[in-house]
Structure formats: structure tokens, C-alpha cells
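Notes to accompany the following structure.
Below, chain A is the first sequence line, B the second, and so on; all start at residue 1.
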Amino acid sequence: MSGPERYVMLMASLPAIRFLADKALPINQARLGERLKLLEPEDRDELLGIASIISWNRIDVGDDDAAYLVRAERIIAGIRSAALRDGVQERLEIRTVIAALRRRAAGEDVPASNSAFGLGRHVETIRRNWALPDFGLARFYPWLAAAKEKLDQGDASGLERLILDVTWNAAARREFGHEFDLEAVAFYLMRWQLADRWARYDADAAALRFKALLDAALSDRHEVNA
Amino acid sequence: MNELMVILGWLGVFSPVGLGAIGSAIGVAVAGQAAIGAMLETDSGYGRFVGVAAIPSSTVIYGIVVMFALQRTITPENGAGLFAIGILTGLALAYVAVWQGKACASAISASKSKPEIFGLALAPAAIVEGFAVFTFVFALVLAGNIKG
């Protein structure tokens, strides 16, 4: 089967992901990998290429920013589907804006015009409007003010959740109209990865809280014994 | 010219079956793949999925009935009428079957994770079936007016 129904069986075999509503992922990585064997080789290669620029655990940490951007632009240009290309580009543009927010909050100056600090349509706008709270991008990203506020407050968990929400909504919006094609598979994987990140983030937070409670309990015990 | 009209008449007589079968084959294949995929993810309700996948096969049955209604001695006088009714009925049935297959695939895919919406999820496929029924009924009505 070719065309828009190429991956009917694959998509029908994948459970719905409800993001923050679900505490545990409805399908684990191993099982997902098994299902993805139904992909055609060229589609699989394309998705692996996309994953290598958007998935944190697949990005080559040996690359510096400039090398990463060159690679990302090459991979994006090679994506055959316009919807998928726009989706990946949008994901990296959101990441660029968040990175700029973090850099500015860390006290960094305006990135030099020859430096590679981001990707997409808004790089120059961010440079020009470095001093503005929303980089002059509120029209594109209405959530920027909330993100800056959380960053200023040191609310790491809130910021993480906001970023995941925004990225999730962007992927879900792009996915609309694609049910059983390669785009549907790609956007499903993007959403799975976001849900996985949130599940892990929760797990890390829970582990930290558990450690804090344990430390508190042990210190109480020492005080009692003393 | 007379031979051409007779050829067109034969094309018209068999189109509802031929095109209906093509549409049904595509529709059932699409919905069937969704049913197989859903079976990988669920532990029950397999028969239900297969049953839904078979829904687009109804259009070829309508096509067979229309073919019998159109079947008669084909002459240069009735060839054009048989062709027009047959080919348009066949195209409509094929189109309905293909899209009904997609609607069934969506219903299967959605209801595997949320079984309570199974009945409602089939509503679009049932509405699409209604268009095939319109085509079928009025093809039968018009077929009765063709001489031969």
C-alpha cells in the first residue's frame, strides 16, 4: 500500500498517548521499536535523521553549535514532506527561542552576528531585540512571557512543563489531517518522545523528593539518638 | 457508430460491478490493515475489528444488483443510457468504498484505545454508506426507464 494509507497497520497498532494525563507511557521504547520495523527503509532513515537533530539522546554531543546547525539545516532540507519539514523546523525554532531566553537569563550578551546560536526564521529578530523581554516575538509565541517569568522565578519544573506543552501542541497541530502516513508516524514519535521526557522528568523529581524525605527522616533519627 | 454505442452499453452494464469491486478491494484492504494493527495492541474484540473492516464490501453487492437491473439486449438506442447510468454508478460506488474504508480504519484505530466510542466512531462510515444507497436506489429507478 502506498500513499496516504501507507502506514495504516502501523498507526493502528500504536496506542493513543494522552501526554500529561498518563503517568506511564502506553507503549515502551522496546515495543515501539518492534512496531517501527514496519517502516519502509527510506522512511526509517529519514526519521532517524530527524531524530538525530531533535532528540536529545540522539544528538551527537561531539558536535559544536556550528556543526550541529549545518547538519540540522542539511537534514531539514532533505525532508521530503513539506508538513514534516515545517514541523521539524518549528520544533527547532521553539528550541532556539528557549535557548536564547536561557542564555540571556544566564547574563550572556547579544550573540555575535557571525556566531551560530539558533536556527530558523527568528534568529535575526532575537539578535536585534535581545533587550526586549519577549525578543519581539510575542506575536509568534504568546507563551514567551510566561516562560520568562518561570525562568526568572527559577521554576524549572514549570518551565519544563510549559515547553513540553507548547511543543506538544505544535506537533498535534501539524499532525492534524495526517492519520496513516509517514507524517502521522513522525508526529506520533515526536509526541511519544515528549511524553517520555515528561515521565522521566517526573521520575527524577520524585527521586529527588524521595532523597530529600529520606535525608530529613535520617537527620530526625540522628537527633533522637543524640 | 452503432458498434460504439453497443460497446459503451456493455461498459455501462458491467461498470457497477467492476468499479464497485475495485473500490471495495481498496476499502477493505485499508480497513483490514487497521484491524490487524489494532489486534496487535488489544487483547479482545478481534472479531469486531474484522467485521468493521468488511463494511466497504457492501458496495460491490450494490454493483451486482445494479448490473442485473441494467442487463438487457444492448442496442444502439439504449447503449448511451446504459453507459451513463452504469459508469456513474460504478464511479460513485468505488469512491464511496475507498473513503468508507478510510473511515472504518479511523474508527478501528480510535476505538482500540477507547472501546466505549466504538458505535459512535462508526457513524461516519454509516453516513458514507448512505450515499452508496442513494446511488443504488436511483440507479435501479432509472434503469427501469431504459428501453430494451
Residue set satisfying salt bridge (charged side-chain N to carboxylate O under 4.0 Å, His left out) with A:Asp152, at least two apart, ordered chain then number -> A:Lys148
Is there any side-chain hydrogen bond (donor to acceptor under 3.5 Å, both in side chains) pair reaching into residues 16-31 of chain B, and which pairs are they, with sequence neighbours excluded?
B:Ser24-B:Thr59
Are the aromatic rings of A:His122 and A:Phe140 close, with centres under 6.0 Å apart?
yes
How about CD on B:Glu3, more than 12 heavy atoms from neighbouring residues, nucleotides or ligands closer than 6.0 Å, or not?
no
Please determine whether the number of non-hydrogen atoms from other residues, nucleotides or ligands lying under 6.0 Å from atom CZ of A:Arg80 exceeds 12.
yes
Going from CD1 on A:Ile94 to CH2 on A:Trp143, what distance comes out if it is rounded to the nearest 0.5 angstrom?
5.5 Å
Looking at CD1 of A:Ile27 and CG of A:Leu32, how far apart are the two atoms once the value is rounded to the nearest 0.5 Å?
5.0 Å
Between CG of A:Asp181 and CG of A:Leu10, what distance do you get to the nearest 0.5 Å?
11.0 Å
B:Ile74 and its side-chain contact (heavy atoms from CB on, under 4.5 Å) partner, picked from B:Ile7, B:Leu82, B:Leu8:
B:Leu82
What part of A:Leu38 gets closer than 4.5 Å to chain B, counting heavy atoms only: side chain, backbone, both or neither?
neither
Would you mind telling me which of A:Leu69, A:Ile54, A:Val97 makes a side-chain contact (heavy atoms from CB on, under 4.5 Å) with A:Leu92?
A:Ile54
Toward chain A: residues of residues 39-54 of chain B with heavy atoms under 4.5 Å:
B:Leu40, B:Glu41
Tell me the residues of residues 85-117 of chain B whose non-hydrogen atoms fall below 4.5 Å from those of chain A, in number order.
B:Lys102, B:Ala105, B:Ser106, B:Ser109, B:Lys112, B:Ser113, B:Lys114
